[in-house]
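Below you'll find the structure, written out as structure tokens, and then a few comments.
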Protein chains: 2
Amino acid sequence: MTVSRVLRNRGDVSQATRERVLEAAKDLGYVPNKIAGALASQRVNLVAVIIPSLSNMVFPEVMTGINEVLDETSLQPVVGVTNYNPEREEKVLYEMLSWRPSGVIIAGLEHSDAAKAMLKAAGIPVVEIMDTDGLAIDACVGISHRRAGRKMANAILKAGYRNIGFLGTKMPLDHRARKRFEGFTEALAKEGVEIVDREFYEGGSALAKGREMTEAMLKRTPEIDFLYYSNDMIGAGGLLYCLDQGIKVPGQVGLAGFNGVELLDGLPRQLATMDACRIEIGRAAAQIIANRSTEKGDSGGGERIELTPKIQPGDTLRRR
Amino acid sequence: MTVSRVLRNRGDVSQATRERVLEAAKDLGYVPNKIAGALASQRVNLVAVIIPSLSNMVFPEVMTGINEVLDETSLQPVVGVTNYNPEREEKVLYEMLSWRPSGVIIAGLEHSDAAKAMLKAAGIPVVEIMDTDGLAIDACVGISHRRAGRKMANAILKAGYRNIGFLGTKMPLDHRARKRFEGFTEALAKEGVEIVDREFYEGGSALAKGREMTEAMLKRTPEIDFLYYSNDMIGAGGLLYCLDQGIKVPGQVGLAGFNGVELLDGLPRQLATMDACRIEIGRAAAQIIANRSTEKGDSGGGERIELTPKIQPGDTLRRR
DNA sequence: TGCGCTCATGTTAGCGATAAAGTCATTCTT
DNA sequence: AAGAATGACTTTATCGCTAACATGAGCGCA
């Protein structure tokens, strides 16, 4: 018991004993068993973070935000990856919940019924991130992708473009990309404009795919004067293609992507894009969990934070 | 006890009871408490994976390899990030070991004394990955970065370049980059060649930094005919800069990077690079842990797998 | 009828920590 | 100087499971 108190820095141990314990622990290479500790104290300093992928830059950046905040606390993130697969999500969630974490941060608002039931029944803070278009189980931090799509559509129309093509991922399960697309077409429709052409890809290097798709679309539909990409990586590929081909950007063809990835800073031209506030989302989500895990009186929960992405017009969204 | 048996699929339960249990569990939304289970059985299905960073593509790819293999088993990876900081590594390791995982996969061979002591004392399989230039604690999977540097140096010399500049990260703690650099200069020295200029960066967008550093170096040392970059991202920035400036690549200036990131496929020219075998490393490491966790008779351990990276000459390493 | 055997289920005793209450010298109070 | 208060430990019970053993019904076979 005294050892336990020393190692957790709880009061009521004399300086002398504290030192003796610490030294003995070091000599023995003693590492406390958190499993036993957690079982006894009914407290686990883990936060489950469930995200679809690590292989585009967006979720690692969210993780950065989460880490920033949790580093100040005794909480530790544990990452699970779903690959945009609802069954995997369910499994990963079950697995993580069975470790009784102090909170869950999970990407998206769309989950299987079973997953939703688990989250509700878990009795811990749940923060759904990235998206605010829909009903949250508990708290929620993100941006409205529908609104983001609309905003970009309006900016494009205002710049004078009318023959607009869309290029994106062939991922029925990427709900956020879908919502952006819906918002985009909706805002165009309001002005009587319809997408002229569209193209979807799957797998492979996004940059290369952006190149290929852009070539295909411009050949197929030469009258196109604007290309809206569902992410910056394919947008960058398209931009490089246009520059290669001597296509005037943004005079002849305008371009825009989505996300504001750091990569873009190094391109010959700045691609128009929209910041998805990823670090802030991570920070805010972690903050909600951290707050609730210290508060004694249950604060009710249900926080809802909608951030507003800003258009960064760069050099590719300007009718000259 | 019967419930426990049903949920873990251990024999000796009648079909009828099994179904009744499963149904009751579902009704109640019962999620077993792994903490208690682990404490009782002294078995934990977690594998600690400790890596320096998530924000360049290299570690996510290693994770992909690890996941591929562990998905076939009942093991689950748990990721910890150190930001190339030895103290953080120590802390993360301590935290993870206190959950008594079934194995540890950790990047690099350089760790603090305390970290090494913990790893040795943990009594579980430890696989150090990415690097084979040094002494492993237990098993080890990776490539020799020193050899990789030498190999690239020789390829560059063979192609006829002599005025070689080096551009890399200012990271005294990125031991692998350092070893590559050492191998590189060593092989050059053997042929009586010395690096003409060098430049290091810190933080910021690697692509943009590659651009800036390349510009700075070519202005400062115009006689340079080859640029060796410590990673593909800055190499890509340099390549874009050269193309922008109308510098003939690879005639006037040759370029090479390191890593073989997927991104490169979309560039106007293929940057010469070297594949670091990241997915294979992940797979092999996970396989070692998986094997050892099923074997009863201790297999001794100490596996050592050195993979051989291959030069991909691309379009930027060819004297015309 | 009784012995051994199998199969399904039940009991008991931990796993290694912590919460909460208990002990027992000291030190303070008035 | 007696009682209260404090400080520094100790003891005991418990967290929710699982290993290992115990039980006991049902069956075959001599």
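Note on naming: letters A, B, ... go to the chains in the order of the sequence lines (proteins, then strands), and numbering restarts at 1 for each one.
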The residue, B:Arg10 or B:Ile35, whose nearest nucleotide of DNA chain D is more 5′ is B:Ile35
Respond yes when some side-chain nitrogen or oxygen of B:Thr17 is under 4.0 Å from OP1 or OP2 of C:dT9, and no when none is.
yes
Below 4.0 Å: OP1/OP2 of C:dG16 and any side-chain N or O of A:Tyr30:
no
Please tell me which of the listed nucleotides, D:dG16, C:dA19, D:dA19, lies nearest to the side chain of A:Arg8?
C:dA19
Nearest whole angstrom, please: distance from the P of D:dC17 to the CD of A:Gln42.
10 Å
Minimum-distance nucleotide (side-chain atoms of A:Asn33 versus C:dA17, C:dC15, D:dA8)
C:dA17
Confirm from the modelled atom types if A:Arg5 and D:dT10 form a donor-acceptor pair under 3.5 Å, side chain to base only.
yes
Given C:dT9, D:dA8, D:dC17, identify the nucleotide with an atom nearest to the side chain of B:Ala40.
D:dC17
Can you name the nearest heavy-atom pair linking A:Ile50 to A:Glu89, along with the distance?
CG2-CG, 4.5 Å
Measure from CH2 on B:Trp99 to P on C:dA17 and round the result to the nearest Å.
12 Å
With heavy-atom distances below 4.5 Å as the criterion, would you say the side chains of B:Ile51 and B:Val62 are in contact?
no
With a 4.0 Å cutoff (strictly under), does any side-chain N or O of B:Ser41 reach OP1 or OP2 of C:dC15?
no
